[in-house]
**Student:** 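This is the structure I want to talk about, given as structure tokens.
Position 1 is the first residue of the sequence, and the numbers go up from there.
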Amino acid sequence: MPVLPAWADVAILAPIHLRGDAGALPAEAARHVMTMLAISRPGDPYAGLASVKEACDSRSLADFSWALFQRWQAAGHPSKQSWAMDALGLLGDDETVRRLTQLIRTWPGEGGHARAVAGLDLLATIGSEVALMHLHGIAEKVKFSGLKNRARKKMDEVAAELGLTPQELADRLVPDFGLSADGSLTLDYGRRQFVVGFDEQLKPYVADAAGKRLKNLPKPGANDDPELAPSAYQRFAGLKKDVRAVAADNIRRLEQAMVSRRRWSGEEFKRLLVGHPLLWHIVRRLTWGLYDASGQLMGALRVAEDRSFADIEDDTLTLPDEAIVGVAHPLELGESLAAWAEVFADYEILQPFPQLGRETYGLDETLLAEIGAAKIPTGKVIGLERRGWRRGEPQDAGIQGWIERDVADGRIITIGLNPGIAIGYHDFADEQTLEGVGGVLDGLDPITVSEVMRDLREITR
């Protein structure tokens with residue numbers, strides 16, 4: 001049996017409590033739990049841990065594993081005791097996920113790429129909705145490309161195991177966070193209750209029982225229930241962290257769905273988007289298109305506050321399960337665009353991203369010449385990654401000499417960079433010039449042309 005290291009002193013770790021307020025495990029029993037963790041292997045936990053998890057409070061087990069992990073970190077991450085990190089995957093919970101995700105995002109910059117990759121495996125092992133949500137967030141937005149690519153590969157593996165595409169998996173990865181069917185959450189302080197709602201950017205706000213919005217959720221007071229109030233306050237703190245992690249990704253995901261013309265069936269639209277208590281807050285602030293099998297727009301609708309569907313005249317629509325639905329692009333709406341904008345203005349609906357008021361572009365030779373002549377800060381070029389662009393593979397001396405992005409017809413368009421971006425040394429060149437912009441737009445459909453021009457115009461202003 002392995003000898004437990006001196007730094008794993010059970011006296012300074014978080015106690016493990018039995019279920020039902022039956023007290024804490026004695027020190028010797030807690031050491032046995034550590035031994036179980038030490039002889040476990042990834043994918044092959046010691047069988048006795050199942051009995052431990054059945055008998056002990058799950059939150060205290062998670063706190064115990066986190067305290068053990070912190071002791072391992074303080075000891076310098078000894079590789080022979082890496083089981084202390086693996087323990088997070090065996091005993092961790094959603095709070096563990098939040099803490100671990102913050103470290104995973106920073107480790108590569110501190111020389112800890114391998115440790116960050118191991119952290120991705122732990123998120124997948126925990127496997128809760130919150131864990132997969134944070135794994136997806138790393139795959140979509142982290143500044144270290146190596147880690148991002150590994151996270152995307154891990155997400156692809158999870159999707160394949162479930163028989164889904166990565167996009168379909170992303171639809172299913174947004175937790176409901178315990179919200180009610182109408183997308184709100186009631187926080188019970190005993191004598192006081194507060195209701196949590198969300199704005200167009202999915203930022204949570206709090207209202208009192210009379211519906212008055214408050215600047216912040218009040219801290220529990222002497223007259224509040226001593227158990228309910230602190231629990232509700234802590235729940236709101238966790239909700240803010242989780243929603244902050246998922247909000248920007250999902251708003252960007254729906255904007256990309258408009259640009260790439262992703263489609264859902266009517267059944268998927270109603271179940272995964274309209275029926276989701278959080279995504280619903282974004283969905284009802286957009287104009288949605290109805291398409292035929294060839295991709296032509298047949299009509300448009302919005303989702304009313306009662307989750308019914310309404311056309312531009314505010315008449316109720318019935319949406320068949322077999323319908324084809326997507327986020328309508330303003331170029332598709334044509335003459336009805338102004339009318340839809342008026343409807344949203346009348347209802348004072350703020351949109352999560354520019355849709356009805358979106359700038360659109362055609363092939364403008366004068367503008368193309370301006371873009372090609374512009375000196376663009378390197379940071380702005382890198383910022384295009386938020387819009388679905390990628391930097392090219394490093395060439396001689398680690399220089400990335402182009403940017404590229406997928407377009408709707410399956411092609412990849414490429415624009416040259418001069419002098420290029422040096423891997424790990426962005427100060428190599430303060431400015432970039434875009435080369436070959438005009439030629440990449442030949443043969444593209446009007447929506448793709450407009451979106452590429454919009455991206456490039458944004459960074460050259």
**Student:** Can you check whether I349's main-chain N or O pairs, donor with acceptor, with E200's side chain at less than 3.5 Å?
**Tutor:** no
**Student:** Looking only at atom types and distance, does a side-chain atom of D225 sit under 3.5 Å from a main-chain N or O of A229, one as donor and one as acceptor?
**Tutor:**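 Here the side-chain-to-backbone pair does not exist.
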**Student:** When rounded to the nearest 0.5 angstrom, what is the spacing between SG in C56 and CZ in R19?
**Tutor:**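 Rounded to the nearest 0.5 Å, the SG-CZ separation comes out at 8.0 Å.
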**Student:** Could you check R358 against E255 for salt bridge (Lys or Arg N to Asp or Glu O under 4.0 Å), going step by step and ending with a plain yes or no?
**Tutor:** CA-CA 11 Å; R358 195 177 191 84; E255 184 174 15; 2.9 Å; yes
**Student:** With rounding to the nearest 0.5 angstrom, report the CG to CG distance, L202 to D199.
**Tutor:**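 Those atoms lie 7.5 Å apart.
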**Student:** Backbone N or O of E227 within a donor-acceptor pair of the S231 side chain at under 3.5 Å?
**Tutor:** no
**Student:** Answer yes or no: is there a side-chain heavy-atom contact under 4.5 Å between M1 and T35?
**Tutor:**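 Yes, at least one pair of side-chain atoms sits under 4.5 Å.
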**Student:** Measure from NZ or CZ of R59 to the centre of the six-membered ring of F64 and say whether it is under 6.0 Å with the direction within 45° of the ring axis.
**Tutor:**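 No - R59 does not lie over the ring of F64 by the 6.0 Å and 45° rule.
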**Student:** Could you walk me through whether E168 and R172 pass the salt bridge (Lys or Arg N to Asp or Glu O under 4.0 Å) check?
**Tutor:** CA-CA 7 Å; E168 290 170 338; R172 292 157 175 79; 5.4 Å; no
**Student:** Check for a donor-acceptor pair, side chain of T101 on one end and backbone N or O of R98 on the other, with a separation under 3.5 Å.
**Tutor:** no
**Student:** More than 12 heavy atoms of other residues, nucleotides or ligands under 6.0 Å from CZ of R115: yes or no?
**Tutor:** yes
**Student:** Does R405 make a cation-pi contact with W389, if we ask for NZ or CZ under 6.0 Å from the ring centre and within 45° of the axis?
**Tutor:**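 Yes, R405 lies over the aromatic ring of W389.
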**Student:** Would you indicate whether D306, at its atom CG, is surrounded by more than 12 heavy atoms from other residues, nucleotides or ligands within a distance under 6.0 Å?
**Tutor:** yes
**Student:** Could you tell me which non-hydrogen atom of D242 sits nearest to which non-hydrogen atom of M133, and how far apart they are?
**Tutor:** O-CE, 3.8 Å
**Student:** For the side chain to side chain contact (heavy atoms under 4.5 Å, CB included) test, which of I423, I399, I421 pairs with F428?
**Tutor:**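 Per the side chain to side chain contact (heavy atoms under 4.5 Å, CB included) rule, the option paired with F428 is I399, out of I423, I399, I421.
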**Student:** Ring centroid separation for W107 and H113, is it under 6.0 angstrom?
**Tutor:** no
**Student:** For T186 and V195, indicate whether the former's side chain and the latter's backbone hold a donor-acceptor pair under 3.5 Å.
**Tutor:** no
**Student:** In sequence, state the C-alpha distance, the side-chain angles, and the governing distance for D182 and R307, and then conclude on salt bridge (Lys or Arg N to Asp or Glu O under 4.0 Å).
**Tutor:** CA-CA 9 Å; D182 67 357; R307 281 185 166 83; over 6 Å; no
**Student:** Using a 6.0 Å distance limit plus a 45 degree cone around the ring axis, check whether R284 lies over the aromatic ring of W280.
**Tutor:** yes
**Student:** Are I403 and R390 side-chain neighbours, meaning at least one heavy-atom pair lies under 4.5 Å?
**Tutor:** no
**Student:** What are the two closest heavy atoms between T287 and A300, and how far apart are they?
**Tutor:**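 Distance-wise, the nearest heavy atoms are CG2-CB, 4.1 Å.
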**Student:** Do the rings of W340 and F344 sit parallel, tilted or perpendicular, given the 30° and 60° boundaries?
**Tutor:**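 Aromatic pair W340/F344 classed perpendicular.
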**Student:** Mind listing the closest non-hydrogen atom pair of P2 and I39 along with its distance?
**Tutor:** CD-CG2, 3.4 Å
**Student:** Show your reasoning for whether salt bridge (Lys or Arg N to Asp or Glu O under 4.0 Å) applies to D156 and K153.
**Tutor:** CA-CA 5 Å; D156 290 345; K153 183 177 180 181; over 6 Å; no
**Student:** Measuring only between side-chain heavy atoms, which start at C-beta, is I415 closer than 4.5 Å to E404?
**Tutor:** no
**Student:** For L90, does its backbone N or O pair with a side-chain atom of K53 as donor and acceptor, under 3.5 Å?
**Tutor:**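 Side chain of K53 to backbone of L90: a pair is present.
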**Student:** Between R261 and T448, does the side-chain hydrogen bond (donor to acceptor under 3.5 Å, both in side chains) criterion hold? Intermediate values first, please.
**Tutor:** CA-CA 10 Å; R261 279 154 283 173; T448 301; 2.9 Å; yes
**Student:** State, to 0.1 Å, how close W288 and V283 come at their nearest heavy-atom pair, and which atoms those are.
**Tutor:**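 That would be NE1-O, 3.0 Å.
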**Student:** Answer whether the closest heavy-atom distance between the side chains of Y189 and L228 falls below 4.5 Å.
**Tutor:**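 SC-SC contact between Y189 and L228 ruled out.
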**Student:** Is the side chain of Q351 donor-acceptor paired with the backbone N or O of R285 at a distance under 3.5 Å, no angle test?
**Tutor:**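 Between the backbone of R285 and the side chain of Q351 there is a qualifying donor-acceptor contact (under 3.5 Å).
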**Student:** Salt bridge or not for D171 and R262, using N-O below 4.0 Å?
**Tutor:**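 Judged by the 4.0 Å cut-off on N to carboxylate O distance, D171 and R262 do form a salt bridge.
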**Student:** Any side-chain heavy atom of V206 sitting closer than 4.5 Å to one from R213?
**Tutor:**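 Not in contact.
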**Student:** Answer yes or no: does atom NZ of K148 have more than 12 heavy-atom neighbours from other residues, nucleotides or ligands under 6.0 Å?
**Tutor:**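 Counting other residues, nucleotides and ligands, NZ of K148 exceeds 12 neighbours.
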**Student:** Give a yes or no answer on whether the side chain of Q355 reaches the backbone of H329 with a donor-acceptor pair at less than 3.5 Å.
**Tutor:** no
**Student:** Could you report the tightest heavy-atom contact between N223 and R191, atom names first, then the distance?
**Tutor:**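 Closest approach of N223 to R191: O-CD, 3.2 Å.
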**Student:** Do V52 and Y46 come close enough that some side-chain heavy atom pair is under 4.5 Å?
**Tutor:**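 No, their side chains stay 4.5 Å or more apart.
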**Student:** Once you round to the nearest 0.5 Å, how far does CG of D176 lie from NE2 of H276?
**Tutor:** 6.0 Å
**Student:** Parallel, tilted or perpendicular: which fits the ring planes of F198 and H281, with parallel below 30° and perpendicular above 60°?
**Tutor:** tilted
**Student:** For V343 versus R302, what's the shortest heavy-atom pair and its separation?
**Tutor:** CG1-NE, 3.9 Å
**Student:** Indicate whether the side chain of Y291 and that of E332 have a donor and an acceptor atom separated by less than 3.5 Å.
**Tutor:** yes
**Student:** Taking R99's backbone N and O only, do any of them form a donor-acceptor pair with W66's side chain (distance below 3.5 Å, no angle check)?
**Tutor:** no
**Student:** Nearest 0.5 Å please: distance from the CG atom of L278 over to the CG atom of N250.
**Tutor:** 7.5 Å
**Student:** Do D93 and T96 pair up side chain to side chain, a donor and an acceptor below 3.5 Å, judged on atom types alone?
**Tutor:**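 On atom types as modelled, these side chains qualify, holding a pair under 3.5 Å.
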**Student:** Between Q193 (side chain only) and G190 (backbone N and O only), is there a donor and an acceptor less than 3.5 Å apart?
**Tutor:** yes
**Student:** Nearest 0.5 Å, please: how far is CD1 in I459 from CZ in R387?
**Tutor:**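 Spacing of CZ (R387) from CD1 (I459) equals 9.0 Å.
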**Student:** Flag yes if more than 12 heavy atoms outside E54 fall under 6.0 Å of its CD atom; otherwise flag no.
**Tutor:** no
**Student:** Please tell me if the side chains of L123 and L132 come closer than 4.5 Å, counting only heavy atoms from C-beta onward.
**Tutor:** no
**Student:** With a 4.0 Å cut-off on N to O distance, would you call E385 and R391 a salt bridge?
**Tutor:**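 Salt bridge present between E385 and R391.
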**Student:** With heavy-atom distances below 4.5 Å as the criterion, would you say the side chains of R192 and D224 are in contact?
**Tutor:**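 Contact flag for R192/D224 side chains = yes.
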